[in-house]
Amino acid sequence: MRTNSARTSFLGANYVPYGQQQISSLIQLDSEAISENLSAWITRWQREVAS
């Protein structure tokens, strides 16, 4: 069984965004849009995928 530390060692330092260039290239999620649509997305997921 792998532990979290084994997984982290396996992934290495490149797994975590590091440095200004990588941080600035990350996308920012629109939390307001997510909040407004979350209920509808859950309902759709339950209807189309979970059932």
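No experiment lies behind these values; they were computed from the predicted model shown.
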Got a sec, which residues hit side-chain contact (heavy atoms from CB on, under 4.5 Å) with Ile34, two or more places apart in sequence or on another chain? Leu29, Trp41
Pairs in or reaching into residues 35-51: which pass salt bridge (charged side-chain N to carboxylate O under 4.0 Å, His left out), with residues at least two apart or in two chains? Arg44-Glu48
Residues which pass side-chain contact (heavy atoms from CB on, under 4.5 Å) with Ala33, listed by chain and number, not counting sequence neighbours: Asp30, Asn37
Gln28 meets the side-chain contact (heavy atoms from CB on, under 4.5 Å) criterion, sequence neighbours left out, with none
